[in-house]
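Here's the structure we're looking at; comments come further down.
Both ligands and their constituent atoms are indexed starting at 1 by order of listing.
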Amino acid sequence: MTIEEWQSYSVYQIYPKSFNDANGDGFGDIEGIREKIPYLKKLGIDMIWITPIQPSPQKDNGYDISEYCAINPQYGTLLEFKQLLNDLHEVGIKLMMDMVLNHTSTEHQWFQAAKQSRSHPYHDYYIWQEGTPAQPPTNWQSKFGGSSWGYNEATAEYYLHLFDTTQADLNWRNPSVRAEIKKILRFWAELGVDGFRLDVINLISKPTLFLNDDEGDGRRFYTDGKQVESYLKELNEEIFSPYGILTVGEMSSTSMAACIEYTKPANNELSMTFNFHHLKVDYRDGDKWQLMPMNISALKALLSDWQRGMQAKGGWNALFWCNHDQPRIVSRYGNDSDEYRELSAKMLALVLHGLQGTPYIYQGEEIGMTNPDWHAIDEFEDVETLNQFELIQQKGQTADEAFAAVSARSRDNGRTPVQWDASQQAGFTTGKPWLKIASNYTKINVAECLSRADSIFYFYQKLIALRKVEATLITGQFRRYDRPEEGVFAYDRIAGDEVIRVVANFTDQPVVFEWATPIHLAETLLTNYEGDATNDQTKLTLRPYESIMWKGTVVV
Ligand code: TEU
């Protein structure tokens with residue numbers, strides 16, 4: 001395979017509200033990001049992805065946009081944004097904007113007009129169905145809980161909202177909607193933005209007939225819908241390709257077959273896709289709110305299937321453990337005790353960065369930030385968390401059970417402000433932070449990490465740098481060689497006779513691991529312990545959470 005420059009990139013995700021507050025109002029801002037450019041440069045990432053910063057009532061923290069070609073004053077001005085873009089470009093960092101195009105805020109002027117009358121031209125920008133106040137058109141459920149239909153009295157109709165009631169789904173069938181969307185994308189592309197992250201982009205194609213779902217919550221009727229690919233091709237032809245924009249599509253409940261089509265270069269749709277299957281192996285019966293320990297064999301199988309499957313057909317994965325919708329990975333698939341937090345955070349990083357695809361690092365992940373360990377529901381802010389806390393109790397569970405579920409699974413776990421140093425408010429703000437800071441900030445913070453050569457930060461720095469020099473990490477074929485039932489994940493990346501070999505112990509116990517396929521190990525590229533594991537050529541004794549990446553050659 002020929003390597004495109006972007007294929008060796010690592011991307012850093014910024015959730016601006018919680019990243020760094022320069023003006024002391026408790027909310028992170030654009031100036032705050034600009035202040036941290038040297039930090040980002042030091043980490044070595046190639047691109048930042050900023051979650052939505054356009055004007056928004058913030059019912060879903062910016063994923064409810066009320067104006068697309070402007071900056072939310074809470075974050076700063078368009079001028080400041082241009083300055084940020086310019087300063088990033090000056091040090092060779094690219095910028096990816098988050099584009100929320102499946103829905104708008106109901107505060108958007110389109111919806112405000114649309115809801116007045118059926119004859120308004122903006123009415124057809126959204127998806128409407130007849131119904132009486134007591135009877136929504138279908139039984140579809142919103143992703144945040146409750147019906148996905150909102151009643152509009154003025155027109156005696158329902159509008160579709162797959163997310164919050166204030167996030168109305170756009171009607172992509174309407175060519176005027178697609179023209180508006182292209183205008184928005186062109187606006188940002190003209191400013192010099194380098195990438196787009198496309199929010200829930202596989203949900204944009206809805207059916208024409210709306211039917212009850214007797215098997216589920218309705219998602220099978222609108223996920224990876226019939227027109228998604230043709231809409232993406234249209235955007236690619238008119239915007240992504242002409243402006244040289246890197247794209248990542250966020251795919252909700254998708255399939256591998258669909259992601260292959262979205263990303264294989266011949267199709268001219270997207271550069272890569274996020275899928276979430278590997279982040280559901282701790283959901284009991286697929287239900288996010290039912291807790292279960294992580295199923296390691298399911299995790300290994302999913303990661304491996306997506307590696308092999310995408311590779312075989314020329315697709316490209318976006319690789320990630322964390323984002324603003326997920327609990328912190330070290331508290332989830334790792335171990336956030338004092339003894340193992342650093343070791344397990346490094347192990348998870350090494351496993352992910354050895355895979356084929358584009359790694360995304362979510363702010364704070366590079367210092368091993370944990371879930372905040374809160375004790376009361378009023379510490380949480382997220383709309384989904386608050387809805388589910390009520391719904392779980394309505395389904396018969398106690399308040400304590402509901403709290404246990406939401407505190408483990410809340411999206412706020414990943415949204416607490418970045419812990420910059422041990423000073424008051426963790427150096428995030430001089431004011432009152434919009435969301436409480438995790439109490440462990442005096443111990444876990446950027447300043448501490450930067451002061452110590454063996455910190456998680458420098459481990460990420462090395463992984464990012466390896467991608468630039470080890471072409472096998474980009475091109476190498478994936479081959480797995482552990483046994484499904486064991487707590488070790490082991491795989492090779494093979495290009496010609498070169499092998500990059502990864503072994504990782506996901507448990508807090510020592511494990512004796514027997515090699516199935518020996519290779520000549522030439523060099524240890526990275527490990528999270530001092531000194532190599534005991535290696536007698538046929539078997540390896542891995543210490544708790546030990547992980548190693550070697551370079552070697554195939555035995556012929
Ligand atoms: O998320 C899409 C999505 O479906 C989830 O990750 C969602 O948070 C989860 O399924 C709920 O259980 C994207 C954004 O990343 C998220 O922040 C937004 O809330 C959502 O779209 C709506 O725009």
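Which of Lys280, Arg415, Lys143, Glu384 comes nearest to atom 9 (C) of ligand 1 through a heavy atom is settled by distance: it is Glu384. Compare Asp199, Asp382, Asp325 by their heavy atoms: the one nearest to atom 6 (O) of ligand 1 is in Asp325.
Note: no N/O pair closer than 3.5 Å links Gln326 and ligand 1 by distance alone. For Glu250, a nitrogen or oxygen atom sits less than 3.5 Å from a nitrogen or oxygen atom of ligand 1, counting backbone and side chain alike.
Ring geometry, Trp140 versus Trp149: the interplanar angle falls from 30° to 60°, so the pair is classed tilted. Between Tyr122 and His120, the angle of the ring planes stays under 30°, which puts this pair in the parallel group of the 30/60° scheme.
Among Lys143, Arg415, Arg409, Lys288, the one residue that satisfies the salt bridge (Lys or Arg N to Asp or Glu O under 4.0 Å) test with Glu384 is Lys288.
Using a 4.0 Å cut-off between charged nitrogen and carboxylate oxygen, Arg197 and Asp98 count as a salt-bridge pair. Salt bridge annotation for Asp46-Lys94: absent, with no cationic side-chain nitrogen under 4.0 angstrom from a carboxylate oxygen. The existence of a salt bridge linking Arg284 and Asp287 is excluded, since no basic side-chain nitrogen approaches an acidic carboxylate oxygen closer than 4.0 Å. Salt bridge present: Arg411 and Asp325 bring a charged side-chain N and a carboxylate O closer than 4.0 Å.
Here is the list of ligand 1 atoms found below 4.0 Å of a heavy atom in Lys288: 11 (C), 12 (O). Close approach of ligand 1 to His103 is summarised as follows: ligand atoms under 4.0 Å from at least one heavy atom of the residue are 22 (C), 23 (O). The ligand atoms of ligand 1 that sit less than 4.0 angstrom from a heavy atom of Phe144 are 19 (O). Heavy-atom proximity to Val200, at under 4.0 Å, picks out these atoms of ligand 1: 2 (C), 21 (O). In summary, the atoms of ligand 1 found under 4.0 Å from a heavy atom of His324, numbered by their order in the structure, are 14 (C), 15 (O), 16 (C), 17 (O).
Atom 19 (O) of ligand 1 is flagged as protein-proximal [any protein heavy atom, distance under 4.0 Å].
Ligand 1 has at least one atom lying under 4.0 Å from a heavy atom of Arg197.
A side-chain donor-acceptor contact under 3.5 Å links Thr155 and Asn152.
Shortest contact from atom 8 (O) of ligand 1 to any protein heavy atom: Arg411 NH1, 2.8 Å. Counting only heavy atoms of the protein, atom 4 (O) of ligand 1 lies nearest to Phe163 CE2, 3.7 Å.
Every residue was checked against the salt bridge (charged side-chain N to carboxylate O under 4.0 Å, His left out) condition with Arg328, not counting sequence neighbours, and none meets it.
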